[in-house]
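Everything on this sheet refers to the single structure shown next.
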Amino acid sequence: MSDPSPPAVSMESIVALCKRRGFIFQSSEIYGGINGFFDFGPMGAELKKNIRDCWWNDMVRRRDDIVGIETSIIMHPRVWEASGHVAGFTDPLVDCKVSKQRYRADQLFFAEVVVDGQTVGYVSALESENTADQLQEAAESFKRKRAIQGKLGAVAVRNMTEARPEEIALIPSPATGQPGSLTPPRSFNMMFQTNVGAMSDAASVAYLRPETAQGMFADFRAVVDTGRVKLPFGIAQIGKSFRNEITPRNFLFRSREFEQMEMEYFIHEDADWQKCHREWINWCKDWLLSIGLPSSHLSEYNHPREKLAFYSRGTTDIMFRYPFGVQELWGIAARGDYDLMQHEKHSGIPQSIFDEATKRKIVPHVIEPAVGVDRIFLALLCAGYAEEDVRDDKGGVERRTVLRLSPRIAPVKVAVFPLLKNKPELVARAQEIHRRLKRKYAVFYDESGAIGRRYRRQDEIGTPWCVTIDFETIEKDGTFTLRDRDSMQQTRIGEAELFALLEEKVY
RNA sequence: GCGGUCGUAGUUUAGGGGUAAAACCCCUGCCUUCCAAGCAGGUGUCCCGAGUUCGAUUCUCGGCGACCGCACCA
């Protein structure tokens with residue numbers, strides 16, 4: 001599709017297809033469902049596995065410099081103290097009890113109004129480009145309205161996390177302009193908590209991991225000591241992570257249980273990290289193209305320096321144009337030596353390695369490409385979903401729904417049909433071919449319904465090819481019809497050629 | 001978390017204080033020599049709980065879930 005702005009597909013129709021064809025079910029649906037959790041049906045499980053397998057093959061097996069590991073979901077709680085998640089994976093929030101507005105405490109600013117050295121009141125403002133000016137103006141207005149005489153001092157901007165308890169009642173809500181309705185900042189830690197062992201007390205508290213990355217950092221020494229790795233090298237893993245999101249939204253995009261594919265690429269502290277960072281951004285983009293995401297939907301977003309997380313030297317997100325907007329798909333972060341140093345500090349175990357080239361002990365720096373399997377899953381469905389008009393022989397127009405998935409990740413690679421179900425010789429031959437194909441590929445056998453219906457069923461689950469066994473197959477040369485999903489074109493092909501095609505396209 | 005809209009087969013919808021309907025899908029059989037054909041038969045539904053009522057899927061309240069806005073998204 002060369003059209004730069006194809007008609008927007010609605011999330012509604014994608015969700016409906018997911019349900020109808022067994023890609024995604026709502027978790028625990030028979031009990032009314034649970035918000036932010038999803039199940040993968042038969043087609044979804046295949047598609048997801050294919051995404052993981054492609055990533056693992058390309059990222060780990062087909063490279064000499066990256067090893068794969070699998071770490072536990074529950075780790076020692078001190079891992080999350082070291083990583084900053086216990087303290088920092090928390091958004092202190094302030095509520096306005098009157099307007100019901102909620103603000104992030106570090107984005108809600110206030111200042112004392114000081115006249116002739118006396119504090120006469122407070123003003124507040126939300127974060128913007130000129131928060132300080134806004135507060136200054138608000139302070140002048142405050143003084144004028146109350147007809148206070150004297151000299152107004154320059155405002156000292158603070159945010160709500162810095163407010164003293166006795167000040168909170170005096171700070172006006174930005175929503176109402178009146179003081180007294182704001183709550184003190186309250187923390188909402190996004191990590192799921194549980195207890196390890198039979199006793200539920202403070203000492204037994206543990207967390208479900210909110211990211212897989214820390215597993216790689218925590219096992220860094222073990223991998224270095226046993227994995228026969230040399231800088232630069234990477235450690236990769238695929239696994240579930242959990243975040244107690246305040247508001248899960250947009251179907252799979254933000255859920256509370258999700259699966260990440262992360263890789264920590266360790267480089268020498270003197271290496272050109274910007275070059276390495278760029279190379280990984282390009283690698284990730286190429287990989288997305290290789291599983292069939294169109295470049296027209298992809299873009300890059302560089303986090304502005306002042307917005308970076310404290311540990312980050314630079315973060316670039318590969319963005320995807322979802323029906324609900326352009327959103328982050330893959331974050332590639334340059335994290336410096338922050339994580340290893342944190343673990344060195346907290347564990348007391350040195351995280352440095354001996355560098356042969358410089359004969360020095362160094363702590364490597366890291367480039368981290370981190371992506372969510374579920375987000376890729378959703379992107380593939382959004383990019384691949386199409387409803388198109390098809391002209392039939394009689395000149396009529398019909399609508400068909402088709403999922404254009406790359407053969408690499410399609411849940412079913414080939415569907416095998418006997419042209420007619422009531423002809424035993426066709427059925428037997430079709431089943432025989434099916435049996436040989438399924439030893440190596442995910443294939444599907446179907447004999448029920450008209451042949452056109454069977455093609456359309458496969459279109460909806462994204463099967464790239466269908467083969468139909470007909471009388472020619474049996475009576476003549478053994479060739480059968482190969483029907484292409486996207487063009488709907490039919491060609492005759494033999495079994496050896498079919499295997500060759502699959503060998504080339506499914507890797 | 002706040003506000004709004006909503007919740008009837010797998011899907012899309014109709015209906016309604018007296019136990020529910022259609023189309024498509026799906027399954028079975030017949031038929032069918034390549035794009036959702038036809039005929040016959042079949043499975044399957046009022047989100048959950050409490051209240052009002054002789055009786056609630058329908059009304060009320062609460063919960064859960066979905067969508068849309070706001071806020072949030074280390």
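Chain letters run A, B, ... following the sequence lines, proteins first, then strands; residues in each count from 1.
A donor-acceptor pair shorter than 3.5 Å cannot be found between the side chains of His85(A) and Gln214(A). Side chains of Thr481(A) and Gln490(A): no donor on one and acceptor on the other come within 3.5 Å. Between the side chains of Gln260(A) and Ser241(A), at least one donor N or O lies within less than 3.5 Å of an accepting N or O. Using modelled atom types and a 3.5 Å distance limit, the side chains of Thr71(A) and Gln237(A) yield a donor-acceptor pair.
Taking a pair to require two hydrogen-bonding distances under 3.5 Å in either a Watson-Crick or a G-U wobble arrangement, C31(B) remains unpaired. Searching all strands for a Watson-Crick or G-U wobble partner of C2(B) with both distances below 3.5 Å returns G69(B). Across every strand in view, C46(B) sits unpaired, with no contact that passes the Watson-Crick or G-U test at under 3.5 angstrom. Nucleotide G55(B): unpaired (no Watson-Crick or G-U wobble partner with both distances less than 3.5 Å). In this structure, C64(B) and G7(B) make a Watson-Crick or G-U wobble pair, each of the two defining distances being under 3.5 angstrom. For A37(B), there is no paired base (Watson-Crick or G-U wobble, both distances below 3.5 Å).
Taking for each of Thr247(A) and Arg21(A) the nucleotide of RNA chain B with the nearest heavy atom, the 5'-most of the two is the partner of Thr247(A). Annotation: of the two residues near RNA chain B, Arg483(A) and Glu447(A), the 5′-most nearest-nucleotide partner is Glu447(A).
The base of C34(B) sits within donor-acceptor range of the side chain of Tyr455(A), with an N or O pair under 3.5 Å. Applying the 3.5 Å distance criterion, the base of C34(B) shares a donor-acceptor pair with the side chain of Thr481(A).
U11(B) and U43(B) have their C1' atoms separated by 16 Å, with the value rounded to a whole Å. Remark: the separation of the P atoms in G7(B) and U60(B) is 12 Å, to the nearest Å. A distance of about 13 Å separates the P atoms of G38(B) and A23(B), rounded to the whole Å. Nucleotides G51(B) and A40(B) are separated by 48 Å at their P atoms, to the nearest Å. Comparing G41(B) with G18(B), their C1' atoms are spaced 32 Å from each other, to the whole Å. Comparing the C1' positions of U28(B) and A21(B) gives an interatomic distance of 24 Å, to the nearest angstrom. U53(B) and U58(B) have their P atoms separated by 16 Å, given to the nearest Å. For the P atom pair drawn from A22(B) and G44(B), the interatomic distance equals 14 Å after rounding to whole Å.
Residue Gln26(A) has a polar side-chain atom (N or O) positioned under 4.0 Å from OP1 or OP2 of A66(B). A sub-4.0 Å separation between OP1 or OP2 of U32(B) and a side-chain N or O of Asn422(A) is present. Taking only side-chain nitrogens and oxygens, Arg485(A) never comes nearer than 4.0 Å to OP1 or OP2 of C35(B). The side chain of Arg453(A) contributes an N or O atom lying less than 4.0 Å from OP1 or OP2 of A37(B). A sub-4.0 Å separation between OP1 or OP2 of A71(B) and a side-chain N or O of Arg249(A) is absent.
For the atom pair CZ (Phe192(A)) and CZ (Phe242(A)), the distance works out to 8.0 Å, reported to the nearest 0.5 Å. Atom CZ in Arg453(A) sits 8.0 Å away from atom OG in Ser448(A) (nearest 0.5 Å).
For Arg20(A) and G10(B), the CZ to P distance is 14 Å, given to the nearest whole Å. Note: CG (Asn244(A)) to C1' (A74(B)) measures 14 Å, nearest angstrom. Atom CZ in Phe37(A) sits roughly 14 Å away from atom C1' in C64(B) (whole-Å rounding). Look at CZ on Phe38(A): it is 11 Å from C1' on G65(B), rounded to the nearest Å. The interatomic distance linking Arg256(A) (CZ) with C72(B) (P) rounds to 18 Å, in whole Å.
Look at U19(B): its glycosidic torsion is within 90° of 0, and that puts it in the syn range.
The nucleotide whose nearest atom lies closest to any side-chain atom of Gln490(A) is, among C27(B), C34(B), U32(B), C34(B). When distances run from any side-chain atom of Lys19(A) to the nucleotides G10(B), A66(B), C26(B), the shortest one goes to G10(B). Of all nucleotides listed (U32(B), C68(B), A36(B)), U32(B) comes nearest to the side chain of Lys421(A).
Residue Glu29(A) is classed as having no contact, given no heavy-atom separation below 4.0 Å to the nucleic acid. Among the protein residues, Glu460(A) comes within range of the nucleic acid bases, having at least one heavy atom under 4.0 Å from a base atom.
Here the two rings, on Phe417(A) and Tyr455(A), have centers that are under 6.0 Å apart.
One finds a salt bridge joining Lys285(A) and Glu300(A) here, because a Lys/Arg side-chain nitrogen approaches an Asp/Glu carboxylate oxygen to under 4.0 Å.
Within residues 468-476 of chain A, the residues that place at least one heavy atom under 4.0 Å from RNA chain B are, in residue-number order, Thr468(A), Asp470(A), Phe471(A).
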Report task. Go through the steps for Phe220(A) and Phe266(A) under the test ring-ring contact (aromatic ring centres under 6.0 Å, His included), then give the verdict. Result -> CA-CA 10 Å; Phe220(A) 174 75; Phe266(A) 298 97; 4.7 Å; yes
**Report entry** Residues Tyr445(A), Glu447(A); criterion side chain to side chain donor-acceptor pair (under 3.5 Å); working and verdict
**Finding:** CA-CA 7 Å; Tyr445(A) 175 81; Glu447(A) 59 179 29; 2.7 Å; yes
